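Take a look at the structure set out below.
The chains referred to below are lettered A, B, ... by the order of the sequence lines, with proteins before strands, and numbering in each begins at 1. This structure is a prediction, so every number in the text was calculated from the model and none was measured.
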Amino acid sequence: MATWLVKTEPDVYSIDDLARDKVTDWTCVRNYQARNFLKAMAVGDEVLIYHSNAEPSGVVGIARVCQVASPDPTQFDKKSEYFDPKATKDAPRWFCPDLKFVRKLSRLIALDELRNCTSLAGLALLQRGSRLSVVPVSEKHFDIIVELSSKASR
DNA sequence: GCCAACGTTGGC
DNA sequence: GCCAACGTTGGC
């Protein structure tokens, strides 16, 4: 089983939206590297949900992959701001897996807390200039982050 | 709103 | 294939 982290802007789609929807197709990713990670997701993989452009930004919850990536419908929708004129049904460019809500963490783990945690060194999210909205996370780092949430904030 | 650190586009 | 110009992400 693999573990991942995906970013979302809470103003656009928050962990509470996912909790309400139960399952959602993770659409609108328009970066090839991130897309390749989405396509690599397998049913059962666990996914940390991260709020970006938020106050504060940080990890807020856990989801699970319940359907492998299929063509992202928003790329074919002329009315969508994510419409891609170069994508065709025969050769889709963008893909989205389905994610199922698992639970919210008992508290938000802010970015600076992640940075200050020495055992999280090497976490892709923390690397210089990392802007990828989908990144792999080692199972060890995944567990450390979940463990952090069960401890009181410092 | 600023801006660093990217990624993408397109002329050549 | 190079690279300048432009667009985007996301922390601050």
Side-chain angles (χ1 to χ4, degrees), chain A residues 2-21 24-41 45-63 65 69-99 101-138 140-142 144-149 151-154:
Chain A
T3 43
W4 310 88
L5 180 146
V6 299
K7 296 179 189 174
T8 182
E9 298 189 26
D11 292 347
V12 178
Y13 194 85
S14 73
I15 186 71
D16 292 320
D17 293 322
L18 181 60
R20 182 200 61 218
D21 293 345
T24 194
D25 46 346
W26 205 258
T27 58
C28 305
V29 171
R30 293 294 182 268
N31 171 286
Y32 287 105
Q33 215 180 332
R35 178 203 67 181
N36 292 342
F37 288 137
L38 288 178
K39 289 176 83 171
M41 288 183 179
D45 285 0
E46 287 188 299
V47 183
L48 292 171
I49 305 293
Y50 177 89
H51 280 175
S52 62
N53 275 326
E55 194 51 53
S57 293
V59 178
V60 289
I62 302 172
V65 178
S70 58
D72 179 342
T74 63
Q75 71 193 304
F76 306 124
D77 179 2
K78 286 202 168 86
K79 288 179 297 236
S80 168
E81 69 173 298
Y82 292 97
F83 174 69
D84 184 344
K86 292 180 183 158
T88 66
K89 300 267 182 182
D90 288 338
R93 283 180 134 185
W94 309 112
F95 293 81
C96 55
D98 284 2
L99 300 186
F101 177 75
V102 174
R103 66 182 175 91
K104 286 177 76 167
L105 298 182
S106 54
R107 64 185 183 86
L108 177 144
I109 313 298
L111 183 57
D112 66 335
E113 185 171 354
L114 297 173
R115 284 215 178 93
N116 288 334
C117 183
T118 51
S119 53
L120 289 175
L123 185 69
L125 177 76
L126 304 178
Q127 274 158 27
R128 191 176 63 98
S130 166
R131 298 181 311 154
L132 271 189
S133 60
V134 183
V135 286
V137 176
S138 71
K140 180 173 143 246
H141 283 164
F142 187 100
I144 289 167
I145 292 168
V146 173
E147 186 69 19
L148 268 179
S149 71
K151 293 177 185 155
S153 179
R154 285 168 299 137

Take atom [atom1] of [X] and atom [atom2] of [N], then tell me their distance rounded to the nearest Å.
| X | N | atom1 | atom2 | result |
| --- | --- | --- | --- | --- |
| A:K86 | B:dT9 | NZ | C1' | 7 Å |
| A:E9 | C:dT9 | CD | P | 8 Å |
| A:K7 | B:dC6 | NZ | C1' | 11 Å |
| A:Y50 | C:dG10 | OH | C1' | 8 Å |
| A:Y32 | C:dT8 | OH | C1' | 15 Å |
| A:R115 | C:dG10 | CZ | P | 13 Å |
| A:L126 | C:dT9 | CG | P | 20 Å |
| A:R35 | B:dG7 | CZ | P | 15 Å |

Checking the side chain of A:T24 only, and the main-chain atoms of A:L18 only, is there a donor and an acceptor separated by less than 3.5 Å?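 Such a contact is absent between A:T24 side chain and A:L18 backbone.
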With the threshold set at 4.0 Å, does a side-chain nitrogen-carboxylate oxygen contact exist between A:E113 and A:R107? yes
Between A:R20 and A:D17 (salt bridge meaning N to carboxylate O under 4.0 Å), is one present in this structure?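 The answer is yes: the pair qualifies as a salt bridge.
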Toward the 5' end of DNA chain B, by each residue's nearest nucleotide, A:R93 or A:R131: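 This one resolves to A:R131.
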Do A:T74 and A:D72 pair up side chain to side chain, a donor and an acceptor below 3.5 Å, judged on atom types alone? yes
When you check the phosphate oxygens OP1 and OP2 of C:dT8, does a side-chain N or O of A:Y82 lie under 4.0 Å from one of them? no
Ranking C:dG11, B:dT8, C:dG10 by distance to the side chain of A:L111, first place goes to C:dG11
